[in-house]
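One structure below.
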2 protein chains.
Amino acid sequence: MATRSKLQFIILGLLAQENRTGYDLTQAFTDEIGEFWQAGHSQIYPLLARMQEQGLIDYERTVAGTKLEKKLYHITPAGRSALSTWIATPTPELAASKDEFVLKLYFIDSASDSRLPGMLREQLNVHIEKIAHLEMRRQLLFGSEAERQAHFGHFLILDHALQRERDYKQWLEGALRMIEKA
Amino acid sequence: MATRSKLQFIILGLLAQENRTGYDLTQAFTDEIGEFWQAGHSQIYPLLARMQEQGLIDYERTVAGTKLEKKLYHITPAGRSALSTWIATPTPELAASKDEFVLKLYFIDSASDSRLPGMLREQLNVHIEKIAHLEMRRQLLFGSEAERQAHFGHFLILDHALQRERDYKQWLEGALRMIEKA
DNA sequence: CCGCACATGTAAAGCGTTACATGATTGC
DNA sequence: GCAATCATGTAACGCTTTACATGTGCGG
């Protein structure tokens with residue numbers, strides 16, 4: 001029964017919001033939900049074809065200009081049903097975080113390892129930039145109370161991402177303090 | 001050049017600590033580092049063979065009882081060098097977190113969605129249990145200052161995992177308060 | 001007319017999970 | 001003797017990334 005990828009549900013969710021082309025969906029993984037999930041067009045187009053065969057989605061051809069064909073996909077009732085079922089299904093357990101930096105730390109035994117300060121500071125910069133980026137997006141998307149109400153789930157997870165990054169930053173700063181004392 | 005999986009470096013790191021069989025390595029992904037990374041034996045055995053061909057590791061056959069062969073792997077100088085290079089390489093960017101629960105939230109638009117309270121509470125339980133588990137491990141592995149000093153990196157990341165889970169819990173509690181007010 | 005964005009695909013290679021498959025050792 | 005654990009592999013399938021491949025539309 002394999003991994004039953006979440007990608008198809010993301011696509012269903014995005015198509016439930018509005019009709020989109022494969023290209024639009026690809027863009028969404030950069031702009032909208034790149035924070036939470038990633039996928040390239042070479043994964044999306046074949047999956048769209050399979051989902052259409054399964055009746056979860058369908059498309060109509062439209063033409064831009066004189067020749068350029070677009071397939072504008074929309075969700076079917078069966079697709080809506082599958083999406084709804086997925087959302088209602090308990091989320092059993094979270095996978096390991098697979099954070100490469102954390103993994104590297106695992107193999108450093110001594111607090112006085114000469115590589116540690118550089119590694120921690122470099123990572124600190126990465127997260128400081130991430131925080132700035134998330135704060136900007138939060139302001140942009142959810143500056144007003146009305147927008148929070150209209151996309152409450154999105155607001156929640158953006159808020160969560162921001163908290164997580166701030167926590168990560170604090171942890172790195174704490175680690176730096178620990179090794180400085182030693 | 002493909003993804004250049006991190007798994008091989010984990011194996012190098014584990015073999016740098018002590019010599020192990022494929023079976024031992026598999027166990028390590030349950031006991032020791034299951035918190036941070038996962039891998040099954042069917043991924044490990046073929047990779048060990050490839051790494052041995054590349055000269056990163058080697059093994060000697062040993063026999064338990066009268067017949068049962070074990071391959072006891074050890075890291076080679078080339079393997080140590082590869083491990084060291086990997087650790088020293090800047091960690092460019094973290095992948096998206098791929099948290100399925102967060103993904104589901106993204107598709108919930110309204111704070112009054114009837115599924116929200118149940119989803120949040122269920123997830124809260126998951127994380128409360130995780131916190132308890134991590135606190136136990138922290139106590140078990142790093143109850144004494146000496147143990148923190150001997151495996152500083154491991155201590156740091158366990159501490160980080162714990163902080164992350166506490167943060168997650170607080171976020172869920174905050175979300176629950178928000179929807180109760182509405 | 002040039003470059004960038006729009007638009008859609010396929011191919012190759014490796015990663016990762018689940019299932020299939022086999023056999024020995026140890027403790028009860 | 002039987003079960004749990006030790007021990008090592010292969011196969012099938014799907015996911016994911018990178019690269020290959022092609023062509024249109026639009027604005028300057």
Side-chain angles (χ1 to χ4, degrees), chain A residues 1-11 19-31 33-34 36-54 57 59-73 92-98 100 103, chain B residues 1-11 19-31 33-34 36-54 57 59-73 92-98 100 103:
Chain A
M1 206 182 275
T3 323
R4 241 59 218 95
S5 164
K6 288 116 213 170
L7 184 56
Q8 60 176 318
F9 296 112
I10 305 176
I11 290 175
N19 296 346
R20 301 180 199 233
T21 65
Y23 188 86
D24 294 335
L25 287 166
T26 304
Q27 294 310 102
F29 281 91
T30 312
D31 311 335
I33 53 177
F36 316 110
W37 215 272
Q38 285 148 351
H41 76 281
S42 44
Q43 209 184 340
I44 289 168
Y45 286 115
L47 183 55
L48 283 172
R50 240 186 304 154
M51 290 170 71
Q52 193 258 330
E53 279 167 36
Q54 288 165 18
I57 58 176
Y59 64 85
E60 44 179 324
R61 289 170 194 281
T62 62
V63 178
T66 53
K67 287 189 191 174
L68 185 57
E69 285 219 338
K70 292 202 268 190
K71 291 181 178 177
L72 190 62
Y73 284 90
E93 197 37 70
L94 39 159
S97 54
K98 306 231 163 176
E100 188 174 357
L103 200 56
Chain B
M1 207 183 277
T3 324
R4 241 59 218 95
S5 165
K6 288 117 212 172
L7 183 56
Q8 60 176 319
F9 296 111
I10 304 176
I11 289 175
N19 296 346
R20 302 179 199 232
T21 64
Y23 187 86
D24 295 334
L25 287 166
T26 304
Q27 294 310 102
F29 281 92
T30 312
D31 311 333
I33 53 178
F36 317 109
W37 215 271
Q38 285 147 349
H41 76 279
S42 44
Q43 209 182 341
I44 290 168
Y45 286 114
L47 182 55
L48 284 172
R50 239 186 305 155
M51 289 169 73
Q52 194 257 332
E53 279 166 35
Q54 288 166 18
I57 58 177
Y59 65 86
E60 43 181 326
R61 290 170 194 281
T62 64
V63 178
T66 52
K67 287 187 188 174
L68 185 59
E69 286 217 337
K70 292 202 268 189
K71 291 182 178 176
L72 189 62
Y73 284 91
E93 197 39 70
L94 38 158
S97 53
K98 305 228 162 179
E100 189 174 355
L103 200 56

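One end of the helix from dC1(C)-dG28(D) to dC28(C)-dG1(D) points its axis 20° away from the other end's axis, with each axis taken from 5 pairs and the angle rounded to 10°.
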Atom pairs, protein N/O to nucleotides 3-5 of chain C N/O, distance under 3.5 Å:
none

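Between the OH atom of Tyr59(B) and the P atom of dG9(D) there is a distance of 8 Å, given to the nearest Å. The CG-P distance, from Asp31(B) to dT5(D), rounds to 12 Å in whole Å. One can place NZ of Lys6(B) at 10 Å from P of dC15(C), the figure rounded to the nearest angstrom. Atoms CG (Asp24(B)) and P (dA7(D)) sit 6 Å apart, rounded to a whole Å. Protein atom OH of Tyr73(A) is 6 Å distant from nucleotide atom P of dG9(C), rounded to whole Å. At whole-Å resolution of the value, CD in Gln38(B) and P in dT18(C) are 10 Å apart. Rounded to a whole Å, the CG atom of Leu48(A) is 9 Å from the P atom of dT8(C). The separation between Arg50(B) atom CZ and dG9(D) atom P is 14 Å, rounded to whole Å.
The residue Gly40(B) sits apart from the nucleic acid: no heavy atom pair falls under 4.0 Å.
Checked options Leu7(A), Leu25(A), Ile57(A); the residue passing with Leu47(A) is Leu7(A) (criterion: side-chain contact (heavy atoms from CB on, under 4.5 Å)).
For Thr21(A), the side-chain hydrogen bond (donor to acceptor under 3.5 Å, both in side chains) test picks out Asp24(A), with sequence neighbours left out. Not counting sequence neighbours, the partners of Glu69(B) by the side-chain hydrogen bond (donor to acceptor under 3.5 Å, both in side chains) test are Arg61(B). Contacts of Tyr59(B) classified as ring pair (Phe, Tyr, Trp, His ring centres under 6.0 Å), with partners at least two apart in sequence or in another chain: Tyr73(B). Phe29(A) meets the ring pair (Phe, Tyr, Trp, His ring centres under 6.0 Å) test with no other residue; sequence neighbours excluded. A search for side-chain hydrogen bond (donor to acceptor under 3.5 Å, both in side chains) contacts involving Gln27(A) returns nothing, not counting sequence neighbours. In this structure, Gln43(A) has no side-chain hydrogen bond (donor to acceptor under 3.5 Å, both in side chains) partners at least two apart in sequence or on a different chain.
Distances shown here put a side-chain N or O of Gln43(B) below 4.0 Å from the OP1 or OP2 atom of dG16(C). The side chain of Arg20(B) contributes no N or O atom lying less than 4.0 Å from OP1 or OP2 of dC6(D). Look at Arg61(A) and you won't find any side-chain N or O under 4.0 angstrom from OP1 or OP2 of dT8(C). A close approach under 4.0 Å does not occur between any side-chain nitrogen or oxygen of Ser5(B) and OP1 or OP2 of dG14(C).
Contact annotation: the side chain of Phe9(B) never approaches that of Leu103(A) to less than 4.5 Å [non-hydrogen atoms, C-beta and beyond].
When every heavy atom of Lys98(A) is checked against every heavy atom of Gln38(B), the shortest pair comes out as NZ-O, 3.9 Å. Counting all heavy atoms, side chain and backbone alike, Glu100(B) lies closest to Lys6(A) at OE1-CE, 3.4 Å. Contact between Pro46(B) and His41(B) at its shortest, heavy atoms only, is CD-O, 4.2 Å.
Rounding to the nearest 0.5 Å gives a distance of 7.0 Å between CG of Asn19(B) and CD of Glu60(B).
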Using a 4.0 Å cut-off on protein heavy atoms (strictly under), produce a 5'-to-3' string for nucleotides 21-28 of chain D with B for base contact, S for backbone-only sugar-phosphate contact, and - for none. --BSS---
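Residues Tyr45(B) and Trp37(A) both approach DNA chain D. Their nearest nucleotides, taken by heavy-atom distance, put Tyr45(B) toward the 5′ side. Residues Ala39(A) and Gly22(B) each lie close to DNA chain D; by heavy-atom proximity, the contact nearer the 5' end of the strand is made by Gly22(B).
At a cut-off of 3.5 angstrom, counting only N and O atoms as typed in the model, there is no donor on one side facing an acceptor on the other between the side-chain of Ser42(B) and the base of dT17(C).
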